[in-house]
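Single-structure report; data block below.
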Amino acid sequence: MSNEQSITQFLQFRQQPEDLDVTRNNEAINDFQTKTIELRNHRPQWITYYQSQMIDKEIYEFINRFDSNNSAERERILSHPSEKLECIKTLMTIVQKVSKLSTLQYTVTLIDDLLIENKNRVDLFHQYSRKYKENIYQT
């Protein structure tokens, strides 16, 4: 029996537990993607958070600029040493101070996009944690 036949036979007879069922995983992924697209299309009105003093002017100006740009522009913003930690500070402040679920979900989606665009950006969260002596995982 050739290797190819052995592999084919293995694939035909192996059993997957229900939680690993490909159809269910695809449905979950599609539901997640649908929710993410929906969140991205409903950008929060950051001005209302500023006007209600939930975020300060600095946070408002940064999130408004950062959130309204594409990945290339976000990369340009994050290439400036002073803006790298400002970005993380802004995102963490929003997560800590805002209680509206849709805004929190949107902000977490921004964080996810930030990390998907460049996985090395996780280091920015660690730098922020060291500089401001905050546990980023506690938030």
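A donor-acceptor contact closer than 3.5 angstrom is absent between the side chains of Gln51 and Gln45. Donor-acceptor pairing under 3.5 Å is lacking for the side chains of Tyr60 and Thr90. Side-chain contact annotation: Tyr50 with Asp56, donor-acceptor N/O pair under 3.5 Å absent.
At a threshold of 4.5 Å between non-hydrogen side-chain atoms, the residues Ile59 and Tyr49 do not count as touching. Considering only heavy atoms from C-beta on, Leu110 comes within 4.5 Å of Ile63 through its side chain. Within the 4.5 Å cutoff, the side chain of Asp113 has heavy atoms near those of the Arg40 side chain. Looking only at side-chain heavy atoms (C-beta outward), Phe125 and Leu114 come within less than 4.5 Å of each other.
Taking each heavy atom of Glu73 and Asn70 in turn, the nearest pair found is N-OD1, 2.8 Å. When all heavy atoms are compared, the tightest approach of Ile94 to Leu104 is O-CD2, 4.1 Å. In this structure, Met54 and Ser99 approach most closely via the heavy-atom pair CE-N, 4.5 Å.
Note that OH of Tyr128 and CG of Leu91 are 10.0 Å apart. Values are rounded to the nearest 0.5 Å. Distance CE/Met92 to CG/Leu85: 12.0 Å, rounded to 0.5 Å. Here the CG atom belonging to Leu39 is positioned 10.0 Å from the OG1 atom belonging to Thr107, to the nearest 0.5 angstrom. With rounding to the nearest 0.5 Å, the separation of OH in Tyr132 from OG1 in Thr93 is 8.5 Å. For the atom pair Ser129 OG and Glu134 CD, the distance stands at 7.5 Å (nearest 0.5 Å). One finds the CG atom of Leu78 at 9.0 Å from the CG atom of Asn118 (value rounded to the nearest 0.5 Å).
Screening residues 84-110 for salt bridge (charged side-chain N to carboxylate O under 4.0 Å, His left out), with sequence neighbours left out, gives Glu58-Lys89.
Residues Val108 and Ile88 do not share a hydrophobic cluster, clusters being chains of Ile/Leu/Val/Met/Phe/Trp/Tyr side chains in contact below 4.5 Å.
Ring geometry for Phe62 versus Phe66: interplanar angle under 30°, hence parallel rather than tilted (30 to 60°).
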*Does the pair Asn64 and Arg43 meet the rule for a side chain to side chain contact (heavy atoms under 4.5 Å, CB included), with working shown?*
CA-CA 10 Å; Asn64 206 41; Arg43 189 170 172 245; 3.2 Å; yes
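A search for salt bridge (charged side-chain N to carboxylate O under 4.0 Å, His left out) contacts involving Glu75 returns Arg121, not counting sequence neighbours. Take Glu61 and apply the side chain to side chain donor-acceptor pair (under 3.5 Å) test, not counting sequence neighbours, and it matches no residue.
Test Arg65, Arg74, Arg76 against Glu83 for salt bridge (charged side-chain N to carboxylate O under 4.0 Å, His left out) and you get one pass: Arg65. With Gln105 as the fixed residue, the side-chain contact (heavy atoms from CB on, under 4.5 Å) test singles out one of His42, Lys35, Glu38: Lys35.
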